[in-house]
Asks: 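My questions all concern the structure below.
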Amino acid sequence: MTLSREILAGPTLDAARALLGAYLVREAPDGAPEARRIGRIVEVEAYIGEDDAASHARFGRTPRNAVMFGPPGISYVYLVYGMYECLNVVTEPAGRPAAVLIRAVEPVAGVPAMRAARLAHALRRAGTADARLRAIARIGALMPSGLTAGPGLVAAAFDISREDTGLDLLEPSAPLRIEAGAAAVDIVATPRIGIGYAPEPWRSLPWRFTERR
DNA sequence: GCAAAGATTTGCT
DNA sequence: GCAAATCTTTGCC
């Protein structure tokens, strides 16, 4: 199934599978092609409805999650643990709160820009000179895939923040967008990460999708 | 208004 | 393998 508004408007589990293999694209602020960042989406999680005890929508509509109740294809970015931002793609028709969390991408283009953004993010948090040196060494040594191997890291590498909430990710001219790519073939479903607070059966539902490597 | 907890990542034991 | 870092969001008084 190739990515489209229709897919995102449909069942979120189908949308999540369709997002695997699609490209996350961040246009450079100055439009320089060599600084455009592109990543192939390789790990996602689905959050479906107000009944989903792991979803931000479990409290009903709130100021933070309002966009989840809106139309599909829109971005929802939230701050987690006071430190990292995470990008979601809203799914299902307006009125039904659901989204797909982008947990990891495989860098395709713009690796230097991703590394620079990861470093800038880390340096903003580093208080001491020693911490800054460690960050430079650690991030400088990362393989490209390591730059975007987690939801907070994807956001850091692509300069995604809560200000990016509400964008239409399917709009071809959007500065941050998702483009169709070669669909993932071999998909593995496992329980979602970091939701130990949720009771069963939510905690164990296989709503995390990765591409078998 | 206050307190608790969190869709994570990193560093140290 | 575990705890700290860090601050917003939400529930409750």
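Throughout, protein chains are lettered first and strands after them, A, B, ... in sequence-line order, and every chain is numbered starting at 1. What's counted below: heavy atoms across the whole structure, side chains too, no hydrogens, waters or symmetry copies.
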Asks: Are A:Y47 and A:H56, when compared by the centres of their aromatic rings, separated by less than 6.0 Å?
Replies: no

Asks: Reckon A:R162 touches a base, only the sugar-phosphate, or nothing at all at heavy-atom distances under 4.0 Å?
Replies: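 Here A:R162 touches the backbone only, sparing every base.
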
Asks: Using the C1' atom as the reference point in each nucleotide, state the distance between B:dA7 and C:dG1 in Å, no decimals.
Replies: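 Going atom to atom, C1' in each nucleotide, I get 22 Å.
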
Asks: May I ask you to say what A:I195 touches in the nucleic acid, namely base, sugar-phosphate or nothing, with a heavy-atom cut-off under 4.0 Å?
Replies: sugar-phosphate

Asks: Let me spell it out: for each of A:A135 and A:A57, pick the nucleotide of DNA chain B with the closest heavy atom. Which residue's pick is nearer the 5' end?
Replies: A:A57

Asks: Please determine, for C:dT6, whether a Watson-Crick or G-U wobble partner exists with both distances under 3.5 Å, and give it or none.
Replies: none

Asks: Is any side-chain N or O of A:Y84 closer than 4.0 Å to OP1 or OP2 of C:dC7?
Replies: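 The answer is no; no side-chain N or O of A:Y84 sits under 4.0 Å from OP1 or OP2.
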
Asks: From the set B:dA7, B:dC12, C:dA5, return the single nucleotide nearest to any side-chain atom of A:M68.
Replies: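 Among B:dA7, B:dC12, C:dA5, the one nearest the side chain of A:M68 is B:dA7.
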
Asks: Measure from OH on A:Y81 to C1' on B:dT8 and round the result to the nearest Å.
Replies: 6 Å

Asks: Measure the distance from CG on A:L133 to P on B:dT10 and round it to the nearest whole Å.
Replies: 17 Å

Asks: Do you know which two heavy atoms are closest between A:G150 and A:A104, and how far apart they sit?
Replies: N-CB, 4.2 Å

Asks: Choosing from B:dT8, B:dA7, C:dT6, which nucleotide comes nearest the side chain of A:R125?
Replies: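 In terms of side-chain proximity for A:R125, the closest of B:dT8, B:dA7, C:dT6 is C:dT6.
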
Asks: Counting the atoms with a prime plus P, OP1 and OP2 as sugar-phosphate, which does A:R118 contact under 4.0 Å by heavy atoms, base, sugar-phosphate, or nothing?
Replies: sugar-phosphate

Asks: Ignoring backbone atoms, test whether A:R103 places a side-chain nitrogen or oxygen under 4.0 Å from the OP1 or OP2 oxygen of B:dT8.
Replies: yes

Asks: Categorize A:R64 for me: base, sugar-phosphate, or nothing, with a 4.0 angstrom heavy-atom threshold over every strand shown.
Replies: sugar-phosphate

Asks: Between A:E50 and A:R58, does any side-chain N to carboxylate O distance fall below 4.0 Å?
Replies: no

Asks: Does A:Y78 make a side-chain donor-acceptor contact with the base of B:dA7, cut-off 3.5 Å?
Replies: yes

Asks: Think A:R58 has a side-chain N or O under 4.0 angstrom from the OP1 or OP2 of B:dA5?
Replies: no

Asks: Should A:T148 and A:S145 count as side-chain neighbours, where that means a heavy-atom distance under 4.5 Å?
Replies: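 With C-beta onward as the side chain, the pair stays apart.
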
Asks: Starting at CD of A:E43 and ending at P of B:dA7, how long is that distance when rounded to a whole Å?
Replies: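 In whole Å, B:dA7 P lies 16 Å from A:E43 CD.
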
Asks: Rounded to the nearest Å, what distance is computed from the CE atom of residue A:M83 to the P atom of nucleotide C:dT9?
Replies: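 One finds 15 Å between P of C:dT9 and CE of A:M83, rounded.
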
Asks: Under the rule for ring pair (Phe, Tyr, Trp, His ring centres under 6.0 Å), what residues qualify as partners of A:Y84, not counting sequence neighbours?
Replies: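 If we apply the ring pair (Phe, Tyr, Trp, His ring centres under 6.0 Å) test to A:Y84, skipping adjacent residues, the hits are A:H121.
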
Asks: Among the candidates C:dA5, B:dT10, B:dT8, find the nucleotide nearest to the side-chain atoms of A:L153.
Replies: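 It is B:dT10.
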
Asks: For C:dT10, does either OP1 or OP2 sit under 4.0 Å from a side-chain N or O belonging to A:T62?
Replies: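 A:T62 to C:dT10 OP1/OP2: side-chain N or O found under 4.0 Å.
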
Asks: Does A:Y47 lie flat on the base of B:dA7, that is, centres under 5.5 Å apart and planes under 30° off?
Replies: yes

Asks: Measure the distance from CG on A:N88 to C1' on B:dG6 and round it to the nearest whole Å.
Replies: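 In whole Å, B:dG6 C1' lies 14 Å from A:N88 CG.
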
Asks: In terms of side-chain heavy atoms of A:F59, which of B:dG6, B:dT9, C:dT10 is nearest?
Replies: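 Nucleotide nearest to A:F59's side chain: C:dT10.
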
Asks: Rounded to whole Å, please give me the gap between OH in A:Y197 and P in B:dT8.
Replies: 8 Å

Asks: Using only side-chain N and O atoms of A:R138, determine if any of them is under 4.0 Å from OP1 or OP2 of B:dT10.
Replies: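 A:R138 to B:dT10 OP1/OP2: side-chain N or O found under 4.0 Å.
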
Asks: Could you tell me which nucleotide pairs with B:dA7 by Watson-Crick or G-U wobble geometry, both distances under 3.5 Å, or answer none if nothing does?
Replies: none

Asks: Before you tell me yes or no, could you show the steps for A:E92 and A:T12 under side chain to side chain donor-acceptor pair (under 3.5 Å), namely the whole-Å CA-CA distance, both residues' side-chain angles and the distance that decides it to 0.1 Å?
Replies: CA-CA 6 Å; A:E92 311 243 357; A:T12 300; 2.8 Å; yes

Asks: Side chain of A:R134: nearest nucleotide among B:dG6, B:dG11, B:dT8?
Replies: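 My answer, after comparing the listed nucleotides, is B:dG11.
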
Asks: Take the protein atom CD1 of A:I193 and the nucleotide atom C1' of B:dA7, then report the distance between them rounded to whole Å.
Replies: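 Distance, rounded to whole Å: 10 Å.
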
